[in-house]
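See below for the structure under consideration.
Numbering of residues begins at 1 and proceeds along the displayed sequence. Predicted model, so just to flag it, every value in this text is computed and none were measured.
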Amino acid sequence: MRGEPSILHVDLDAMFAAVEQRDKVSLRGRPVVVGGVAGRGVVSTASYEARAFGVRSAMPMAQARRRCPPGTAYLSPRFAAYKRTSQVVMALLAEVTPLVEQVSIDEAYLDLAAGDHDLTPGGVTELALRVKRDIADATGGVTGSIGAASSKLLAKIGSELRKPDGLTVVPPGEELTVLHPLPVGALGGVGPATEQRLHRSGVRSVGDLARIPLDDLVDWFGVAHGNGLFRLARAEDNRQVVSEREAKSVSAEETFDVDLADPARLNRELDLLAARVAGRLRAGGLTGRTVNIKVRHPDFTTVTRAVTRDQPTDDGRLVAQLARRLLAEVDTSGGVRLLGVGVSTLADFAQDDLFSTGLLDGFFPSLPEAFGGPASPEPVAGPASPPEPAMSAAGEPDLGAAAVALAGGDPVTASGDESASGATPAVGVATPATGVAPVPVWRPGQDVLHDDHGAGWVWGSGLGRVTVRFEGPHTPPGPVRTFAVDDPRLHPTDPPDWRLPT
């Protein structure tokens, strides 16, 4: 540990939900839940208004709906909006010190010792308060909590202690005074299973953990984990702030609304997941040698399989081929709840086998364009299951503005899984063979632009209709209008710019 509180941990408060409330003025002060809104989706982030009803990240969305009152907004993520906000914050932090370690889209460590700063507790407090003000000003009101301490461990714990919009500075020498009264789950190395095991032994606080002999911890958890817990309970953390973090793996997964057991359907899902992973590898200039799959059964039993090649690759077809071979080793006759594909053992360049592409010829009779091959004559993309009518917060079908008027409420829901971009998936593909016109699937919270009414966001959809609320970060709460889902005047658009009045 250091002799001064020179490590800051900055954590944006409920970032996804905060960005939604910033961009959608009618949602400010209301419960907002962001995540997979249909079927077996899970909560990604909940606003503090929703957390008051017990909603937490990773909670099944169905459970969140049961806990929250009518009028709660359930929205699919808008990653483009969150990324833009994150970039603004990270650029601001880079002005504070040249040594910034971004650990996720909404949090980062700062090493103040790398800059010209007063590192006394008072000086760090003044600096942290200024950073908090600058973040709120630059992001249009998104707040961040900050912890400052002599180690990463205490800095991260400090940022959690007074959320939201909190600040905790741990002076040198007072680390154990802050740490030991906390519940043992506050330690980063204590997950649910470890916490449960410790509770059975009467260990509930970090102070309790610090009194457990090392031999006992090693006996309970093994050498590595036991030693780690022993050190964490004593605030022993010498990790440095590093400005660049190497990705360890790239993966994608899908939770299905209905358990899948059909091998052909599962293989098609693997193809799509492999395409997503390959696209992310290429976007990051990465390749990988190890391909792995994750299969979760209806009873939540999870099976993983992996295979490592001699040469790295970013070829989606090869990833899919290897994933299919791995899946063939798993018993899927009882159904699959979740399927995932990943690539690890990453490298910065590819040197594939000379004949790796030829080995795949004929393996897939028709590959989607996502793999870089010709388009299939049959639709292969789209939702994992047919879209269902949207449900209001009261559990009734959302028929558009008329249903809202009848219910006397203000539901904000729709069907479908989260989308990582503003692009709108389509049900059906227009081909010479079928002549089927694409039908948009509008995501709840999605940014849209109407030729006549201007910019807004999807307020609800179902039964061939989409309801849009026309408002933005700088407008009053806007009017609601309902259109046919294929209205040619309605288009997906980019997130609004909160920095410019509209």
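Under the rule for a side-chain hydrogen bond (donor to acceptor under 3.5 Å, both in side chains), the partners of Asp111 that lie at least two apart in sequence or sit in another chain are Arg2. His297 pairs by the ring pair (Phe, Tyr, Trp, His ring centres under 6.0 Å) definition with nothing, not counting sequence neighbours. Under the side chain to side chain contact (heavy atoms under 4.5 Å, CB included) criterion, Thr194 pairs with Val190, Leu198, Phe221, His225, Leu229, not counting sequence neighbours. Annotation: side chain to side chain contact (heavy atoms under 4.5 Å, CB included) contacts of Arg67 (sequence neighbours excluded): Val55, Met59, Gln63. Partners of Phe230 according to the ring pair (Phe, Tyr, Trp, His ring centres under 6.0 Å) rule, which considers only residues two or more places apart in sequence or in another chain, do not exist here. Applying the side-chain hydrogen bond (donor to acceptor under 3.5 Å, both in side chains) test to Ser251 and every residue at least two apart in sequence or in another chain returns nothing. With sequence neighbours excluded, no residue forms a ring pair (Phe, Tyr, Trp, His ring centres under 6.0 Å) with His491. Considering only residues two or more places apart in sequence or on other chains, Tyr109 meets the ring pair (Phe, Tyr, Trp, His ring centres under 6.0 Å) condition with His9. Evaluation of the side-chain hydrogen bond (donor to acceptor under 3.5 Å, both in side chains) rule for Arg84 yields no partner, not counting sequence neighbours. Listed by chain and residue number, Arg489 satisfy the side-chain hydrogen bond (donor to acceptor under 3.5 Å, both in side chains) test with Asp487 (two or more places apart in sequence, or in another chain).
Ser159 and Ser145 form no side-chain donor-acceptor contact under 3.5 Å, judged by distance and modelled atom types alone.
With rounding to the nearest 0.5 angstrom, the CE atom of Met90 is 4.0 Å from the CD atom of Gln102.
For residues 35-45, the salt bridge (charged side-chain N to carboxylate O under 4.0 Å, His left out) pairs, not counting sequence neighbours, are Arg40-Asp259.
Classified by interplanar angle (parallel below 30°, tilted 30° to 60°, perpendicular above 60°), the ring pair Phe470/His450 is perpendicular.
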Under 3.5 Å, which donor-acceptor pairs link side chains of residues 333-346 to any protein atom two or more places apart or in another chain?
unit_1 : atom_1 : unit_2 : atom_2 : d
Ser333 : OG     : Asp331 : OD1    : 2.7
Thr345 : OG1    : Thr290 : OG1    : 2.7

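Put simply, the side chain of Arg465 never gets that close to the backbone of Gly460: no donor and acceptor are under 3.5 Å apart.
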